[in-house]
Engineer: 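Quick one: this structure, given as structure tokens, is what I'll be asking you about.
Bear in mind the structure is a predicted one, so any value in this text is a computation, not a measurement. Residue numbering restarts at 1 for every chain, and letters A, B, ... go by the order of the sequence lines.
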Amino acid sequence: MGIRNQLAFFSILLLAASVEAPAQTIAVQGGNQIIKLTGGTPIVDPMVSSNTTCTLQWKRPKNTAKITVSTICPGQKFTLKVYAINAQDGDAAPEVTLTTGMLAVDFVTNLNGNRTKTYTCTLRYTASATYAQGNSSELGGDDVHTVRYTILEQ
Amino acid sequence: MAVQVPQVTTLRLMTLTLALNVSAINAQPGTDEITVTDQTSQLVWGINGSGKKITASTSIAAPIFTLKVRALNPTKGTPAPEMILSTTPNDFLMNVGRSTGSCILSYTGIALASRGVGADSHVVTFTVVNQ
């Protein structure tokens with residue numbers, strides 16, 4: 001093998017080595033939660049209740065990143081929204097209305113923190129239902145959401 | 001994450017205690033029957049179940065005087081005809097399933113001058129039931 005070919009081969013090896021596997025991790029802590037809408041007095045329509053038990057943890061990838069959110073909820077009947085509270089890195093997007101089958105939308109943007117550190121935010125879920133919408137028993141059961149959080153380069 | 005909505009039925013009376021005073025001022029010359037009406041009370045409800053109605057009853061089995069009630073100007077539902085309150089629940093307001101609303105409680109006390117004086121103390125109960 002001539003010198004020129006050897007140099008070309010070495011350059012290619014360097015280029016391949018510079019591509020890193022991104023260290024992207026994201027996880028929800030807090031388990032499956034149930035928001036129960038029970039009304040009360042004074043009578044307020046719609047009924048609204050929030051849950052802030054769960055947190056989201058992440059490590060950002062190499063470049064500026066963001067977190068998106070979407071949901072799947074077959075036969076969704078009631079309204080569910082989510083918002084990032086006290087995000088330790090980045091900017092919380094406006095509260096997101098979770099609609100089954102939606103395209104992923106921004107949840108936390110401009111993640112620029114230390115790549116070796118794990119950051120968190122609190123997940124504030126807010127559910128609502130009008131009296132006119134009915135109740136779980138008559139409508140075939142509760143709304144069960146599989147909410148998906150994805151971290152990706154912005 | 002799950003959203004659970006149980007069946008919710010809430011009734012609220014905006015005036016808990018009411019006094020109907022039938023006096024001579026309400027009497028009409030030559031008429032034995034004296035009536036007085038009160039429309040200062042309000043009933044408010046929130047019901048997320050289907051096919052519901054509201055009934056009304058009283059605690060007194062044999063009152064001295066007659067007490068009637070009807071739903072006036074309901075924002076939802078269909079008012080039943082004015083009824084004489086008895087210990088048996090009777091239809092008061094129909095078709096209030098999956099709704100929030102309010103109505104005025106129109107009470108009419110009827111006394112016969114020939115019956116003399118006295119007092120009835122009613123505990124009126126409104127109940128949401130299946131229609």
Engineer: Are B:Q7 and A:S137 side-chain neighbours, meaning at least one heavy-atom pair lies under 4.5 Å?
Structural biologist: no

Engineer: If we define contacts as heavy-atom pairs under 4.5 Å, which of A:D45, A:T79, A:V147, A:L98 has the most with chain B?
Structural biologist: A:D45

Engineer: With the 4.5 Å side-chain cut-off for hydrophobic clustering, are B:L11 and B:L85 part of the same group?
Structural biologist: yes

Engineer: Using distance alone, with no hydrogens and no angle criterion, decide if A:S136 and B:Q4 have a side-chain donor and acceptor under 3.5 Å apart.
Structural biologist: no

Engineer: Counting only heavy atoms closer than 4.5 Å, note whether A:A129 contacts chain B via side chain, backbone, both or neither.
Structural biologist: side chain

Engineer: So which of A:A132, A:A127, A:G141, A:G39 has the biggest tally of heavy-atom pairs under 4.5 Å with chain B?
Structural biologist: A:A132

Engineer: A quick test of your reading: do over 12 heavy atoms of other residues, nucleotides or ligands sit less than 6.0 Å from NZ of B:K76?
Structural biologist: yes

Engineer: Tell me which one of A:K36, A:Q133, A:M47 satisfies side-chain contact (heavy atoms from CB on, under 4.5 Å) with B:V5.
Structural biologist: A:M47

Engineer: Quick check: is A:V28 connected to A:L111 through a chain of hydrophobic side chains (ILVMFWY, heavy atoms under 4.5 Å apart)?
Structural biologist: yes

Engineer: Is it true that B:I60 and B:L112 fall in one hydrophobic cluster, defined by side-chain heavy atoms closer than 4.5 Å?
Structural biologist: no

Engineer: Crowded around A:N114 CG? As in, over 12 foreign heavy atoms under 6.0 Å?
Structural biologist: yes

Engineer: Are side-chain heavy atoms of A:N135 and B:P6 found at a separation under 4.5 Å?
Structural biologist: no

Engineer: Ignoring hydrogens, what is the shortest heavy-atom contact between A:G134 and B:R98? Give both atom names and the distance.
Structural biologist: CA-NE, 3.6 Å

Engineer: Against chain B, label A:L80 side chain, backbone, both or neither, depending on which of its atoms sit under 4.5 Å from a heavy atom there.
Structural biologist: side chain

Engineer: Which one wins on heavy-atom pair count under 4.5 Å against chain B: A:L37, A:N51, A:T130?
Structural biologist: A:L37

Engineer: Is there a side-chain contact between B:M1 and A:Y125 in this structure, where contact means two heavy atoms from C-beta onward sitting under 4.5 Å apart?
Structural biologist: yes

Engineer: Same cluster for A:Y149 and A:M102 if Ile/Leu/Val/Met/Phe/Trp/Tyr side chains link at under 4.5 Å?
Structural biologist: yes

Engineer: Counting only non-hydrogen atoms closer than 4.5 Å, does A:E138 touch chain B with its backbone (N, CA, C, O), its side chain (CB onward), both, or neither?
Structural biologist: side chain

Engineer: Going from OG on B:S50 to CG on A:L139, what distance comes out if it is rounded to the nearest 0.5 angstrom?
Structural biologist: 7.5 Å

Engineer: Are B:F126 and B:M83 connected in a single hydrophobic cluster, I mean Ile/Leu/Val/Met/Phe/Trp/Tyr linked by side-chain heavy atoms less than 4.5 Å apart?
Structural biologist: yes

Engineer: Go through A:I34, A:V82, A:T71 and name the one with the most non-hydrogen pairs under 4.5 angstrom from chain B.
Structural biologist: A:I34

Engineer: Which atom pair, heavy atoms only, marks the closest approach of B:W45 to A:I43?
Structural biologist: C-CD1, 3.4 Å

Engineer: Give the C-alpha distance, both sets of side-chain angles, the deciding distance and a yes or no for side-chain contact (heavy atoms from CB on, under 4.5 Å) between A:T41 and B:T10.
Structural biologist: CA-CA 8 Å; A:T41 55; B:T10 305; 3.6 Å; yes

